[in-house]
Every structure is written in structure tokens, then in C-alpha cells.
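Before any comments, here is the structure.
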Amino acid sequence: MSQTSSPLSTWAKNIAPSPTLAVDAKAKALKAAGKDVCGFGAGEPDFDTPAFIKEACAKALNEGQTKYTPTPGIPALRKAIAEYYNGRGFSVTEGQVVVSPGGKMSCYLTILATVSPGDEVIIPAPYWVSYPEMVKLAGGVPKFIAAEDSTGFKITPEQLKAAITPKTKLLILNSPSNPTGALYSEAELRAIVDVAIKAGLLIMSDEIYEHLIYDGQKGCSPATFSKEASERVITVSGFAKTYSMTGWRMGTLVATKEIATAVADLQSQTTSNVTSFAQYGALAVYQHIDKARAALTEMLTHFDRRRLKLYDGLNAIPGISCYRSQGAFYLFPNIKSFGLSSNEFCARLLEDELVAAVPGSAFGAEGYIRLSYATADATIEKGLVRIANFCSKLKK
Ligand SMILES: *Cc1c(COP(=O)(O)O)cnc(C)c1O
């Protein structure tokens, strides 16, 4: 078929489907066929959404909140989000807040609002699968900086400096990170943000895992570092990972009025507002902050116990070494000693032992696999036995 007669656009032909969703789909299909699969592939919490959030949503639905809302979100929610950020050291008004259908959409709209064709976007690897594809959809050029487990999967200011060219427009940061769970300290982030700002870059800080942090560590928001930072950083987050609301599609963005307005304009011509009654569910988080904290604390307790169980178990397997990640709900063990590509490792692990994991190559990092511990303790225990069994066979 000639180029002109293809039904597909260049955008559609160039996009890679999400490999994490693909692994999840394959594991679910095996499960549906009656196989006892240990799934470590999913990038979502395994808890139900807290009841008070669901009740607020149901109430809004029953009371007739079923019409279009303002594109950037209902005023009460935008105001609550602005107040939340101001409590964390920001200085923003509700006009700087945009609520979008998922943090993923908040990221995409940020990129569409700031990246022109030919602009370069620096993405530290291992990266979240969607960043490079989103940059390409905007006509931008992704440029990667590689980080390994030896540096805790964190890039250095020197690496950033070396990657910046006159075409660089945007730097993407994601701490705590998907897929590695790595968390930058405030000092580390300040040094990186400093380089970016001196070079005149914009920064998208994807803080979707901001509340999932362990080992007594604390996260921080680059937008609060300085006045320049508040003008150059677009802060993206959402409700999916914190309150187990992945299906709700509730993302947030805070930026300068200029960028927030551009994002809202893009949204007004594409998805329009987030589902009206879902916004009232999210609003309940701020109206019942004690209940929200209690729900979060409970989830964190479970995640942390599972994290340590998986971490200890992996490091006890000959041939595997695992960095002790301090955020999100992922571990990113190093499997280089087996001499297999991460794709082959994961394909065989699923085939031989019915354990689903995502190859590091999906995240731009060969030699690692991503395991999500947002899964039952029993699955982690059983999965560890199977992984150990698999690895011991590989070593023979
Ligand atoms: C899950 C995730 C998001 C957004 O998720 P939504 O379900 O779209 O809210 C954004 N960034 C990263 C790194 C994620 O892992």
C-alpha cells in the first residue's frame, strides 16, 4: 500500500502501544483461561477507592451533577487543589489549576502546550513508557539520559548539562519514579532544577506518586524551589495512585496562568471536562482530609510491608540484585547476570513460571525488570518462589 492510500496517519503509524498495559492484558488473559498467574505487571493499587470518595461521587450523580462543567474543573475543586498546593509551599490561585481526565492527559497536555515540532525534550531513563510517545505526538524529539542502579536510577546535574542543546525546551522529572521507585532528595533535585533553569528550560514535574514514599523520606516539589522555578515548572499529579482511583480519570496540573490557560484551551477542544460527578468524588478528599489521610496511611502500611518482602526476597535470589527504592510501588531489579534480554527474561518467566513482570526495555533500560508490589502478599510470596526457581534453572 502506498503512503497516501494507507488509512493510518504518520502519528498512528509511529506510536508504540503501551507495553505495560500489554503485559497486564496478557496476564489477565492467562488468568481468564484458568492459569494461576502471579501478576507483578499492573501499575495500579489493588485496593478499592475509599468509601467516602465513592459516596460523594454517587451523591453528586444522584443529585443531578451530570452536565458539562467548566473545562478546567468545577470551581470548588480547583480552589481546593490550589489551597492544597499553597499548604505545600506553592503560591498559586485556582486559575493556575487544570483538572484533566487522568494524570496521563495532564502530562500530554503539558507537552502539547509547550513543545513545538523539532523541540527537544530531555527524559531521564528509565522513564515512564508514555513520555517519549507523547513527545513524538507533539512533533518533539525525545532525548534520553541514562541512569543505572549504581546511582539509584538518578541522573546527575553534569549529565543534564551535557544533554542540553539550543533546541532543548523541556525536562521531564518524575520523583518518585515509575518504573524504578527512585526518589530524589531535595538537594539532588535542587541541583538539577538549577541547571535546567539556568539553561532556560521548562520542567514538567510528574508527582503522581507524591504520597507513596517510605523509609521516613520526604518528597518535594521543584516548583517551590525559587521564584524562577515557580514560573518554569509545570506540576502534574492526580488521584489515581494516591487514592486507588485509576479508573476515575482524575489528573491535576498547576502552572503559570499562561500555561494553565493554554492547557485548558487544548482540553476545551479535545476532551472537555473530567466526568462531572467524578470531580465531586475527588473534592471529597479535601473536604474530609482526616478520612483521606487515614485511607492513605493504611494503604502505605500495606505497600511498605510488601515492598520490603519483595525487596528482601529478590536480593536473596542468586543472580538478582535490587536497589532499595523509596517510592511509588515498584522495584526494578537488575537481571544482567543472566545474560538474557529483559524481553526474553520476562517472556520466559511468564511462560515457564506464570509470573508477569514488565521488561526494562519498555522503560528504556535493558538489563532490568519492573515488578509492582501493588498486589497481595500471598502473590508476592508465591511469585518469589517461582522467580527463584526460574533463576536457578537459568544459572544451570
Ligand atoms: C500512573 C501514572 C500517571 C497517570 O496516571 P492516570 O491514571 O492517568 O492518572 C502519570 N505518570 C506516571 C509516571 C504514572 O505512573
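In this text the structure is predicted, and so the values were computed from the model without any measurement. First listed ligand is number 1; within each ligand, the first listed atom is number 1.
Residue A240 places a heavy atom less than 4.0 Å from ligand 1. A heavy-atom separation below 4.0 Å is found between R249 and ligand 1. At least one heavy atom of Y209 sits less than 4.0 Å from an atom of ligand 1.
Within 6.0 Å of NZ on K26 lie no more than 12 heavy atoms contributed by other residues, nucleotides or ligands. Applying the 6.0 Å contact sphere to NZ of K257 captures no more than 12 heavy atoms from other residues, nucleotides or ligands.
Annotation: atom 11 (N) of ligand 1 to nearest protein heavy atom, D206 OD2, 2.6 Å. When only non-hydrogen protein atoms are considered, atom 4 (C) of ligand 1 lies nearest to K104 N, 3.4 Å.
Each of the atoms 4 (C), 6 (P), 8 (O), 9 (O) of ligand 1 lies under 4.0 Å from some heavy atom of G103. Close approach of ligand 1 to K241 is summarised as follows: ligand atoms under 4.0 Å from at least one heavy atom of the residue are 1 (C), 2 (C), 3 (C), 5 (O), 14 (C), 15 (O). The distance from ligand 1 to the heavy atoms of Y131 drops below 4.0 Å at these ligand atoms: 13 (C). Within ligand 1, the atoms closer than 4.0 Å to a non-hydrogen atom of G102 are 8 (O), 9 (O), numbered from 1 in the order shown.
Two rings, from Y330 and Y209, have their centers less than 6.0 Å apart. Under the 6.0 Å cut-off for aromatic ring centres, F332 and Y323 do not qualify, their centroids lying 6.0 Å or more apart.
Counting heavy atoms closer than 4.0 Å to ligand 1, residue N174 contributes side-chain atoms (C-beta onward) but none from N, CA, C or O.
Shown here for A56 and G281, the closest heavy-atom pair between the two residues is CB-CA, 4.2 Å.
The aromatic rings of F303 and Y373 sit perpendicular, their planes meeting at an angle over 60°, well past the 30° parallel limit.
Taking a cutoff of 4.0 Å between a charged side-chain nitrogen and a carboxylate oxygen, D46 and R306 qualify as a salt bridge.
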